[in-house]
Amino acid sequence: QVQLVESGGGSVQPGGSLELSCAVSGIAFSRIFMGWHRQAPGKQREEVASISPTPLNTTFYANAVKGRFTISRDDTKNILYLQMTNLKPEDTAVYYCRIPGDDYWGQGTQVTVST
């Protein structure tokens, strides 16, 4: 059974940082594409970043987060990360990790950026 469990969300002030983690089990993690998506209140879910399988680890970022967010993976621990810096109020959303190929999703973790 494939499981994705996100953690690391919380509340921060603008300009702050957070690191999200997604623990993946039940699938050959190093061989699969992984991605982070987010959904803000009243908005459609959008892709934030993705990373290709090892060893290429090619990354993609949405324009809104480019230069501020970094996606990475630890294949020894089966964990996907999203390092978020210089957070803005518009980054407030529920963040989900996803396995695009099979369309598996985690349960989401809330990120709130406010003064």
Side-chain angles (χ1 to χ4, degrees):
Q1 182 180 1
V2 178
Q3 288 190 318
L4 292 76
V5 180
E6 299 100 334
S7 61
S11 296
V12 295
Q13 294 186 342
S17 300
L18 282 174
E19 183 176 70
L20 305 183
S21 300
C22 174
V24 179
S25 60
I27 197 167
F29 180 76
S30 67
R31 300 179 185 179
I32 59 175
F33 281 85
M34 291 294 305
W36 287 98
H37 289 65
R38 68 185 181 186
Q39 187 165 20
K43 294 188 177 181
Q44 288 188 331
R45 195 171 294 189
E46 62 177 355
E47 184 178 23
V48 174
S50 64
I51 187 167
S52 66
T54 302
L56 290 179
N57 289 337
T58 302
T59 57
F60 159 83
Y61 297 96
N63 287 335
V65 307
K66 202 170 292 183
R68 301 188 296 120
F69 290 11
T70 302
I71 188 171
S72 62
R73 62 195 303 157
D74 185 337
D75 293 340
T76 65
K77 298 179 180 178
N78 288 4
I79 297 178
L80 179 73
Y81 298 99
L82 186 67
Q83 178 69 42
M84 305 184 293
T85 63
N86 191 22
L87 282 161
K88 304 176 181 181
E90 52 264 42
D91 295 319
T92 295
V94 178
Y95 284 72
Y96 302 87
C97 62
R98 179 191 181 208
I99 301 174
D102 299 295
D103 205 26
Y104 289 111
W105 293 84
Q107 82 288 353
T109 185
Q110 177 71 47
V111 172
T112 302
V113 185
S114 66
T115 57

Please report the shortest heavy-atom distance between Asn86 and Asp91, naming the atom on each side. O-OD2, 4.4 Å
Connected via hydrophobic side-chain network under 4.5 Å: Val65 and Tyr81: no
Provide the closest heavy-atom pair for Arg38 versus Tyr95 in the form atom of the first, atom of the second, distance. NH1-OH, 3.0 Å
Which atoms form the tightest heavy-atom contact between Glu6 and Gly108, and what is the distance? OE1-N, 2.9 Å
Determine whether Thr115 and Pro14 make a side-chain contact, defined as any pair of heavy atoms from C-beta on separated by less than 4.5 Å. yes
Quick check for you: to the nearest 0.5 Å, what is the distance between Gln107 atom CD and Gln3 atom CD? 10.0 Å
Spacing of Ser25 atom OG and Asn78 atom CG [to the nearest 0.5 Å]: 8.0 Å
Determine whether Ile99 and Ile27 make a side-chain contact, defined as any pair of heavy atoms from C-beta on separated by less than 4.5 Å. yes
Out of curiosity, Ser11 OG to Leu87 CG, how far, rounded to the nearest 0.5 Å? 11.0 Å
Which heavy atom of Thr70 sits nearest to which heavy atom of Tyr61, and what is that distance? CA-OH, 3.3 Å
Flag yes if Ile32 and Ile79 sit in one hydrophobic cluster, no otherwise; membership is Ile, Leu, Val, Met, Phe, Trp, Tyr, and two members link when side-chain heavy atoms are under 4.5 Å apart. no
Here the gap from Asp75 atom CG to Ser30 atom OG, rounded to the nearest 0.5 Å, amounts to 5.0 Å
Please determine whether residues Val2 and Trp36 belong to a single hydrophobic cluster, defined as Ile, Leu, Val, Met, Phe, Trp and Tyr linked transitively by side-chain heavy-atom distances below 4.5 Å. yes
For Arg68, does its backbone N or O pair with a side-chain atom of Thr85 as donor and acceptor, under 3.5 Å? yes
Minimum heavy-atom distance Gln110-Ala93, with the two atoms named: NE2-O, 3.4 Å
Heavy-atom closest pair (Ala40 atom, Thr92 atom, distance to 0.1 Å) is CB-O, 3.5 Å
Indicate yes or no: at least one non-hydrogen side-chain atom of Tyr96 is less than 4.5 angstrom from one of Leu20. no
Short question: side chain of Ser52, backbone of Asn57 - any donor-acceptor pair under 3.5 Å? yes
Does one hydrophobic cluster hold both Leu82 and Val94, with members joined at side-chain heavy-atom distances below 4.5 Å? no
Would you compute the distance between atom CG of Leu80 and atom SG of Cys97 and round it to the nearest 0.5 angstrom? 6.5 Å
Are Val48 and Phe33 grouped together when hydrophobic residues (ILVMFWY) are joined by side-chain heavy atoms under 4.5 angstrom apart? no
So, taking the atom named OG in Ser72 and the one named CE in Met34, what distance separates them when rounded to the nearest 0.5 Å? 11.5 Å
Any sub-3.5 Å donor-acceptor pair from Arg73's side-chain atoms to Phe29's backbone N or O? yes
